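Below: the structure, in structure tokens.
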Amino acid sequence: MKYIIAIIQPDRLDEVLQKLEEKNIHLVTVTQVMGHGRQKGIAEVYRSHKEGGSLLRKIKLEIGVNEEFVQPAIDAILGGAQSGNIGDGKIFVVDIEKCVRIRTGEIGTAAIG
Amino acid sequence: MKYIIAIIQPDRLDEVLQKLEEKNIHLVTVTQVMGHGRQKGIAEVYRSHKEGGSLLRKIKLEIGVNEEFVQPAIDAILGGAQSGNIGDGKIFVVDIEKCVRIRTGEIGTAAIG
Amino acid sequence: MKYIIAIIQPDRLDEVLQKLEEKNIHLVTVTQVMGHGRQKGIAEVYRSHKEGGSLLRKIKLEIGVNEEFVQPAIDAILGGAQSGNIGDGKIFVVDIEKCVRIRTGEIGTAAIG
Amino acid sequence: MSLATVSQWMQQAAEAVPAAPSNQAPAAAAINTGDTAWVLVCSILVLMMSIPGLALFYGGLVRRKNVLSILMQCLAAACVISLFWHAIGYSLAFSPGNGFIGGLDWAFFKGVSLDTPYTNYGATIPHAAFAIFQMHFAVITPAVVAGAFAERMRFPGFVLFILLWTLAVYCPIAHWVWSDTGFMSVLNPEVQGAGKAVYDFAGGAVIEVTCGISGLICALVLGKRKGYPNHMSPPHNLPLAVTGACLLWIGWIGFNAGSALGANGLAVNAVLVTQLATAAAGITWALLDTWVHGKPTVLGLISGVIAGLVAATPTAGYVTPGAGILLGVAASALAWIFVIKLKNRFGYDDTLDVFGVHGIAGIVGTLGAGFFASKLVNPSVVTQTGWAQTINQIKGIAIIAIYAAVVTYVLLKLINRFTKLRASNHEETVGLDVTQHKESAYTIID
Amino acid sequence: MSLATVSQWMQQAAEAVPAAPSNQAPAAAAINTGDTAWVLVCSILVLMMSIPGLALFYGGLVRRKNVLSILMQCLAAACVISLFWHAIGYSLAFSPGNGFIGGLDWAFFKGVSLDTPYTNYGATIPHAAFAIFQMHFAVITPAVVAGAFAERMRFPGFVLFILLWTLAVYCPIAHWVWSDTGFMSVLNPEVQGAGKAVYDFAGGAVIEVTCGISGLICALVLGKRKGYPNHMSPPHNLPLAVTGACLLWIGWIGFNAGSALGANGLAVNAVLVTQLATAAAGITWALLDTWVHGKPTVLGLISGVIAGLVAATPTAGYVTPGAGILLGVAASALAWIFVIKLKNRFGYDDTLDVFGVHGIAGIVGTLGAGFFASKLVNPSVVTQTGWAQTINQIKGIAIIAIYAAVVTYVLLKLINRFTKLRASNHEETVGLDVTQHKESAYTIID
Amino acid sequence: MSLATVSQWMQQAAEAVPAAPSNQAPAAAAINTGDTAWVLVCSILVLMMSIPGLALFYGGLVRRKNVLSILMQCLAAACVISLFWHAIGYSLAFSPGNGFIGGLDWAFFKGVSLDTPYTNYGATIPHAAFAIFQMHFAVITPAVVAGAFAERMRFPGFVLFILLWTLAVYCPIAHWVWSDTGFMSVLNPEVQGAGKAVYDFAGGAVIEVTCGISGLICALVLGKRKGYPNHMSPPHNLPLAVTGACLLWIGWIGFNAGSALGANGLAVNAVLVTQLATAAAGITWALLDTWVHGKPTVLGLISGVIAGLVAATPTAGYVTPGAGILLGVAASALAWIFVIKLKNRFGYDDTLDVFGVHGIAGIVGTLGAGFFASKLVNPSVVTQTGWAQTINQIKGIAIIAIYAAVVTYVLLKLINRFTKLRASNHEETVGLDVTQHKESAYTIID
Ligand SMILES: Nc1ncnc2c1ncn2[C@@H]1O[C@H](COP(=O)(O)OP(=O)(O)O)[C@@H](O)[C@H]1O
Ligand SMILES: Nc1ncnc2c1ncn2[C@@H]1O[C@H](COP(=O)(O)OP(=O)(O)O)[C@@H](O)[C@H]1O
Ligand SMILES: Nc1ncnc2c1ncn2[C@@H]1O[C@H](COP(=O)(O)OP(=O)(O)O)[C@@H](O)[C@H]1O
């Protein structure tokens, strides 16, 4: 089982979720985060103070999946989030040791989906 | 050392924290997240637009623990968060390589608690 | 590749980001979280109700790095966030299996930076 | 039945509720446009106190998941009570009747003239302007009570409660004190002549004490919120609460000074007393907070401000600014002691301190209105002052408090038979917004 | 050219736009300070409806990324239309002209006296006070339309649109119905004498129907938002929307009652009708929501409130409170049916239901103003009532609706040639706040 | 000492501060209810400018961790200065005295009649109504200054500062310009007769220039915020700031037009000039932003709006609408140049641009009030206009600016000896809300 963490542009959320659905990945946790990166963002202006954009709004997705869904998930995220512009974000994959479905107490690969 | 990530229902937070306390697990990080799952939620209504509930409010807990606390932590979360209804959430356990207490610079199993 | 998760005091964010920059670590994801810990916080008062501070505002940083940057990152975080007071927070390091840059589809150690 | 007949019938139906025949000829000469403009503006200010003033004040203080339920309750009060007041409330409260309650002659504002005065209720403004001004008093009163049971009352029960409560508690009490036939009213020549009237300029007893006591009963009957008092969340949005408190302050000037029923010296006195009592009360609470907690809190200051406004309510048209300041300080200090020091011992859960702030400060103000009433300020109505009048005030407060407590208790028990008042455990933890109104106040992802 | 010359020239330039020579001697006696105070206060209340009232109401209902664009549009309307109204708008709408449009005699308020009345537009208040009161009507009208194309119109196009729309749609229609030479105006003796006038006290047809129809055309021409109707976000901040709705309610009392142009019985009637129609309409929507969705929603209640305020607009100075309540209920129920039940079938995207609420309720109210117009309420202007007058109202609504639709359509097509009206796909997904104004509404890290 | 004695004594104490004996017989005839209603309403509007107007405007612009500190400062000003004004402020500023300062005859509003006018300060309204109207001017002035040192002044120092500043800076300056014995007052027959008066209708010099200069000194003395100018956060809640700006606009109409002290032609002119100058100024800033940044920003537009309101302040009762528009444009453009272009070069940290907006626009407006003053608008007071009067205005501004700068500087240094003004490094990074008031504005988990 793998834990996929993806940082994407906020305006891509709907499309990524849709692409994930298409690959039968329905369970996702979404967080609003700020990204510090090389992207500069649309300069915001507040009176004399121009926001260079050191911290930009991003969306973080977390998806626990069984092995066979890792690549489909990555493809879906790339499909929905890739614009080719700086700031598109990253995908990280981490190993999960254990997964429990709270409702049932089920454990392991059966619990994740 | 393990990193426990749990997604729970927002109204369960108080009880889960209490159960964790009972097991002597005091250190937790809490994030407000949105969950995309099979749960439909209480339908919200905004004029002609009915929220089917594609993204629902959830709470994410993150707990770094030494091995012997993994099962107690899981039990505590199950105890506090399980209602038996769809939407109760998941627990994921991930391996931690290193842990540092910022205040002291301590490292490893001594730092985590 | 490692995934560094750090919980710090909110007022330390600027300094930590700066120290990270100094070590050439530019890519960071920042989340606003609440911490449950042994720190008591500045007591807040709301009429007859004194907030003991069971949940305090914290900032979570997430940084994906190649091995050689793990220690510099930890040093930078310690450098910026350590005040010596309870509540300074923790750093957790987790192993990353895979990293993808969404913009280019690049994979692995080249993608992370 | 022809279409024309139907239409005629509908028109007649509509006119059967005439706003007022305007041919009560000569008296019309007495109408003064400046006074009328002032009272109309003040009635708008009083509406602004309920919506959005009180709604935001209360709304900011509750948890994120219950803010809409508070806003809805204030809006519902504005809707339901306005119609009720027009239908029978005003008539019951203010039309001539016996000492206890008015009649139904003015139901649907029948005979309430749009362009001639009813001299006892404002000799220089249209009778209907007075009735409208009082409408907004009737609206805000049950909305204030809602603070006592915030975060745990189901909505259907709430609507039923405010309706019956206005009928059975507010209308009679308003009649007693303010109508020209009420048994403790300065406008009732017999009562006033006998020196038995209660002085209550804009509602320290009628509104504030009534609210405070009724709120206390509600809090006791409904029981504590889950987790009270140890696991309470802080106010979810203090700037919202501050905005509400500021609008309350603004509107309350109209509430108190509008009660002069004209743009006259009495109104000017009321504006001044209100401002100074409020300022003094705000500072008092802030100083007490500083003394005990080390810092003046914003919530504390606005709590003091409310206490000061409450204290000014019965007094603004009876006392001098100096007395107003004294009473503002006293009301704030006593409310502070009650809310910060005593309340926790009693262990009931008056969510937003309706009794602690409105009740306590209302009592202080009403007592002070009697004690400090000055002929210089209000030459027409003052026949006695000082201790003699204070005794009247004590009697009045006692009667009002007991009546409000008993009837509120009976109403709650009664309503609970038809529809559960208390939210279920699940409704309470999930929040009233979603469970009572199927809505969330804020999105959390952009 | 010497400095003195320049300065003299500048001074002359400034005075070339005189506020008004104040020497139209004798009539000045008629000015009444109470009436003047009332109309000035009402004009301030109407401004408060646009900013912040409508701005917050709309702003709370859109997504987080578009809230500033709504606020900016309302603010821009307040700035741009105020200047336009002073320059030529008022003159085109209200100065004597032909039946279709006024002249330019009152451009830059030339001859619009600061201290004498223009009797037809308020015999007891300065002419300029009336012109200012009307200025704020002109400001809010295009701001209301903005709700129909919220979240997707580019800002430069918006500014151009409201300017041309006020010129070509609002000014003529206001002239027709409200000026003393308009071809369907009660103030035009010929029209009124012939029983051909349209009764519209404060703008049910002139403002609400015009807004509703124009909004509908805008929604159709601009097309749907991305993801509509299946992937819409809920309102980002309902308490903000409720605050706005409350301020609209408060301000609208001034809107309707200020139209009596004095602190008189007509104003009192207007306050009363407005309050009761609004209350009844709010309850109606809440009940219908409860019936269909199981719970009364806050957004539903405030939507009903708006429908009630709209329905009271044309009627407040013509009908009795009883008729007002009937019309409030009818307007709210029909708006509800339209918005909740029918709208989705048509598949156009009127973002904030400008047509569904303002249009529908405006039609209901305007019809009702004719049908229920009562001599008891408004003795001076009523020559006929019931069906006869309702036919006039239908004609009026039809002419206004067709005119507004056609001209709005032409204007949109025209403007689109100069500057794209519709936000690009990228602008829409990223949000108008950042793409049109380079700002974000809220920070997300403390 | 018997209870009765105590009570008598307390009553006397209360009455020792009589609101006013009302037996200054015949003049009472001059009171006009319409004028009185107008001035009372305007005084409420001016209070609304401070709370919640200015509080929200400033509060929305600072960081999330400092919003309560701003709200608290505005509330504290409303409380503290109201009492101070009643006690001695009004007397020092407006009672007869020498050219520099008034006496103490009107301390505690002694002799300030509730129902007769003091002819020089409004011949048709009660003297106390004028004093109350001016009270709210005194409240908002130090609150405006607070914008200059936002996010870094400790609260105890703040309270001390506004108290001493009102005493030593505001009261004298108000006396100079507005009292009937002030040395540059139009009401002082000698000064006015000699053509040496400064024209300042509602406070362009007295309030805006004074605020701007004092703010600048505060910013310089307190030093920059940590991280300024490179690591500043954007405004934490622009919709809050917009709400505040809108309420400022609404209230400011009462501020300027209430200064006519009656519902008369002058008030109508003031309403009109205020609206048009503000609209023009808002557009000006938006256009300049568009020109330089490519887009009109919301914060820019409301900054322009404030500049326009400031420019209208001294001028609204002296100039024509045409001149008002010119001055609005000029004030906005100059403030824009200062804030956007020049300020960064100087490197001081005037947090919310009190000097850049209020100071600059106040100077422009005050100069313009002299230059464009028109006999057509204000027949009673204008003896000279154009350059001659502009020289008076320059002198007046210079004296006021120098006086305000010096005294503010001395006060800051003085206060700092008793209580640290500047927040410590830790207090600043953690935020003033928690460190000064033990509260947080918002919860972050539902
Ligand atoms: N190594 C990383 N660790 C943590 N977050 C990252 C990392 N790399 C990218 N991110 C997140 O992704 C966002 C986009 O990254 P950025 O460098 O701007 O674009 P790109 O990946 O296209 O070069 C960043 O703002 C940050 O939130
Ligand atoms: N595999 C997963 N990856 C990420 N988040 C998950 C996953 N499974 C569940 N969640 C989170 O848990 C929440 C509850 O899941 P849901 O499927 O609705 O309930 P249940 O687990 O009871 O079937 C989801 O909204 C989502 O936030
Ligand atoms: N083991 C842990 N798991 C998750 N979060 C932790 C853990 N330890 C610390 N934290 C986070 O760090 C914050 C600071 O911890 P605290 O115990 O108060 O201070 P310290 O680490 O200095 O003793 C906590 O509020 C919590 O958010």
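Predicted model only: the values in this text are computed from it and were never measured. Below, read A as the first sequence line, B as the second, and so on, with proteins coming before strands; counting in each chain starts at 1.
- Taking CG of B:L27 as the start and CD of C:Q39 as the end, the distance is 11.0 Å to the nearest 0.5 Å.
- At a 4.5 Å heavy-atom cutoff, the contact between B:I112 and chain C is made by backbone and side-chain atoms alike.
- B:L17 contributes atom CG, which lies 6.0 Å from atom CG of C:L55 (distance to the nearest 0.5 angstrom).
- For B:I25, no part lies under 4.5 angstrom from a heavy atom of chain C.
- Here the side chain of C:H36 pairs a donor or acceptor atom with the backbone of B:H26 at under 3.5 angstrom.
- Within the 4.5 angstrom heavy-atom criterion, only backbone atoms of B:T104 (N, CA, C, O) approach chain C.
- Taking non-hydrogen atoms and a 4.5 Å limit, the residue list of residues 83-102 of chain C in contact with chain B, ordered by number, reads C:G84, C:N85, C:I86, C:D88, C:G89, C:K90, C:I91, C:F92, C:V93, C:V94, C:D95.
- Contacts between residues 71-78 of chain C and chain B, counted as heavy-atom pairs separated by less than 4.5 Å, involve C:Q71, C:I74, C:I77, C:L78.
- Between chain B and the residues C:I4, C:T31, C:V33, the most heavy-atom pairs under 4.5 angstrom are made by C:V33.
- With a 4.5 Å cut-off on non-hydrogen atoms, B:Q32 does not touch chain C at all.
- When all heavy atoms are compared, the tightest approach of C:K60 to B:K60 is NZ-NZ, 3.7 Å.
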